[in-house]
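Encoded as structure tokens, the structure appears first; notes follow it.
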Amino acid sequence: MGSTMDKAKGMANEAVGNVKQGIGKMTDSERLQAEGKAQELKGEAQQAKGEIKETVKKAGNL
């Protein structure tokens, strides 16, 4: 998977995680809040992976 795809999937996971957290707070669901936080962190990790791939690719083109 390319760096752009990693970043896009990461942003999507982060957004869905934030929504889940918000719904969890509104409904007082600790489980949904935890799922949302986990998905948000997964998204952040995916975006970081995409950034690393992009940096490595740029470094290889020097």
Just wondering, are more than 12 heavy atoms of other shown residues or ligands nearer than 6.0 Å to NZ in Lys53?
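More than 12 heavy atoms, drawn from other residues, nucleotides or ligands, come within 6.0 Å of this atom.
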Just verifying a value: how many Å separate [X] [atom1] and [Y] [atom2], rounded to the nearest 0.5 Å?
| X | Y | atom1 | atom2 | result |
| --- | --- | --- | --- | --- |
| Leu32 | Lys25 | CG | NZ | 11.5 Å |
| Lys42 | Lys37 | NZ | NZ | 15.5 Å |
| Asp28 | Arg31 | CG | CZ | 13.0 Å |
| Glu14 | Asn18 | CD | CG | 6.0 Å |

Mind checking side chain to side chain donor-acceptor pair (under 3.5 Å) for Glu54 and listing every partner two or more places apart, or none if nothing turns up?
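Listed in chain order: Lys7, Lys58.
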Using every non-hydrogen atom in the two residues, find where Gly50 and Ser3 come nearest and quote the distance to one decimal.
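Gly50 and Ser3 have their closest heavy atoms at O-CB, 3.2 Å.
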Please tell me if the side chains of Lys20 and Gln33 come closer than 4.5 Å, counting only heavy atoms from C-beta onward.
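No, every pair of side-chain atoms sits at 4.5 Å or beyond.
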No-hydrogen, no-angle side-chain donor-acceptor test under 3.5 Å, Gln46 and Asp6:
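No - no donor-acceptor pair under 3.5 Å links their side chains.
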